[in-house]
Protein chains: 2
Amino acid sequence: MKPFKISEAVVRRLPVYLQVLNDLHMRDVQTVSSQELGNKLDLNPAQIRKDLAYFGDFGRKGIGYDVSYLIEKIRQILKLDQPLNVGLVGAGNLGRALCNYNTYLKDNMKITAVFDAHPSMVGASINGLSVLPMDKLQETVAERNIRIGIITVPAVEAQNVADRFVDAGVAGILNFAPTILRVPDHVRIHYADFTTELLSLAYYLEKEGDDEDETVVD
Amino acid sequence: MKPFKISEAVVRRLPVYLQVLNDLHMRDVQTVSSQELGNKLDLNPAQIRKDLAYFGDFGRKGIGYDVSYLIEKIRQILKLDQPLNVGLVGAGNLGRALCNYNTYLKDNMKITAVFDAHPSMVGASINGLSVLPMDKLQETVAERNIRIGIITVPAVEAQNVADRFVDAGVAGILNFAPTILRVPDHVRIHYADFTTELLSLAYYLEKEGDDEDETVVD
DNA sequence: TAGATTGTTAATCGATTAACAATC
DNA sequence: TAGATTGTTAATCGATTAACAATC
């Protein structure tokens, strides 16, 4: 077969599949069908099969998917089968929360450096990491082979931090600040701004006392 | 015109428009065209015009959109023109971070109660709020008219907390735990799991030493 | 008036779903 | 073998984009 591009929608579902599969694995489930996965995720089974089939023939007709094998394969696809070092700028509440989440980002992906522009914050210890000053960013990214930068600073400082990460040579950025950032094409940027989720959630709330499901405009 | 449903993709873009418009407003920009908005957001101008036109005729031909007026209108659409109380369960690092973000969730949307199952955490003060025990959840949601619940507890406890929120009568839930939750149809649930964003970001990183933009499979 | 830009229809594009032969 | 379930093609659905008349 020839190379082809996988759509973002597909890639975005892979971590979700992984989540459910890890859960099944923990509960010693050996095999799962696209039907069962679809039930758990509220997705069409055909879509799940199609998503997985982009990357290979992972299932067995009449049987389903071997849970452990599929976990291994998805981890390979997401490149989680190799070490991936992450740096974080902004040692505030959110930054500290993410550092402590480190256990959740299974094995190979790891926050290995934390930076903060505030002199008073430098030297503090967060989950075993000593907070570094911003002027150490460039060299630390190189030394520790950091390939992803996480931004947890206020919106006004986010672009500046992004520029520093780009200069230092990271390949991807995850931005938690509620602002759009400009980065060169070769750097991939994802947004994790919960305010977007929260505000769009407000749209769907019924007026108090209402009962209907439909969202309407007249 | 007759009632019709607005797609999720459209609703999800509204908060992003609001973000950029607020920024323009702060910089005293009076008027903006769909072209300019499109440049800032990397979106097609026609898409922006179409999105806004679902809700009304907010622009002026030959001129563009009045920034203040459009902000007002989008806030109305998202129901941010009325008070909306939010409760949060899980006073860990992430929960505390969100409480401190309170200033970001402009004016009307506000975290007005924080709960935690840990007795040692109860009574602690977070950004002016005293942490309440879980058995106060039901009555507090009613008393303070809380309509959205935020979940920032570990994955294993998330479903239980969601059930409590549902029983207490919230209309929407924002879940930060990396797990899929089951809620009745009349409760709207949104996910703010950053691990999904982080793992899918890993997929797009070039292998070290590579240079090309294309993501391929063979 | 001439230039700009909206609101909207029609065309295009892409993603989801249904259906089914292959096969475990 | 009979039942189950994949991988994949074709059909459907929905979202994005282009184009342009209306009009400021």
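The chains referred to below are lettered A, B, ... by the order of the sequence lines, with proteins before strands, and numbering in each begins at 1. Side chains included, hydrogens not; waters and symmetry mates left out as well; all remaining heavy atoms used.
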For this session: Using a 4.5 Å cut-off on heavy atoms from C-beta on, say whether the side chain of Tyr17(B) contacts that of Leu43(B).
Result: yes
Problem set entry | Position toward the 5' end of DNA chain D (nearest nucleotide), Asp51(A) or Gly62(A) | Gly62(A)
Problem set entry | Atom of Phe165(B), atom of Val89(B) and distance for their closest heavy-atom approach | CZ-CG2, 3.5 Å
Exercise. Which pair of heavy atoms, one from Tyr191(A) and one from Thr179(A), lies closest together, and at what distance?
Worked result: CE2-O, 3.4 Å
Problem set entry | Pairing of Arg75(B) and Asp81(B) as salt bridge, 4.0 angstrom limit | no
For this session: Starting at the 5' end of DNA chain D, write a dot or bracket for each base, bracketing those in Watson-Crick or G-U wobble pairs whose two distances are under 3.5 Å and using | for partners on another strand.
Result: ..||||||||||||||||||||||
Seminar exercise, completed: For Leu80(A) and Asn108(A), the nearest pair of non-hydrogen atoms, with its separation, is O-ND2, 2.7 Å
Exercise. Contact class for Arg49(A) (heavy atom, under 4.0 Å): base, sugar-phosphate, or nothing?
Worked result: base
Seminar exercise, completed: Footprint ends on DNA chain D, 5' to 3', for atoms under 4.0 angstrom from a heavy atom of chain A, come out as dA4(D) to dT9(D)
Problem set entry | Rounded distance (nearest 0.5 Å) linking atom CD of Gln82(A) with atom CG of Leu205(B) | 9.0 Å
Problem set entry | Carboxylate-amine/guanidinium contact Glu8(A) Arg188(A), below 4.0 Å | yes
Exercise. Between Lys50(B) and Lys61(B), which has a closest nucleotide on DNA chain C that is more 5'?
Worked result: Lys61(B)
Problem set entry | Electrostatic pair Arg182(A)-Asp42(B), nearest N-O below 4.0 angstrom | yes
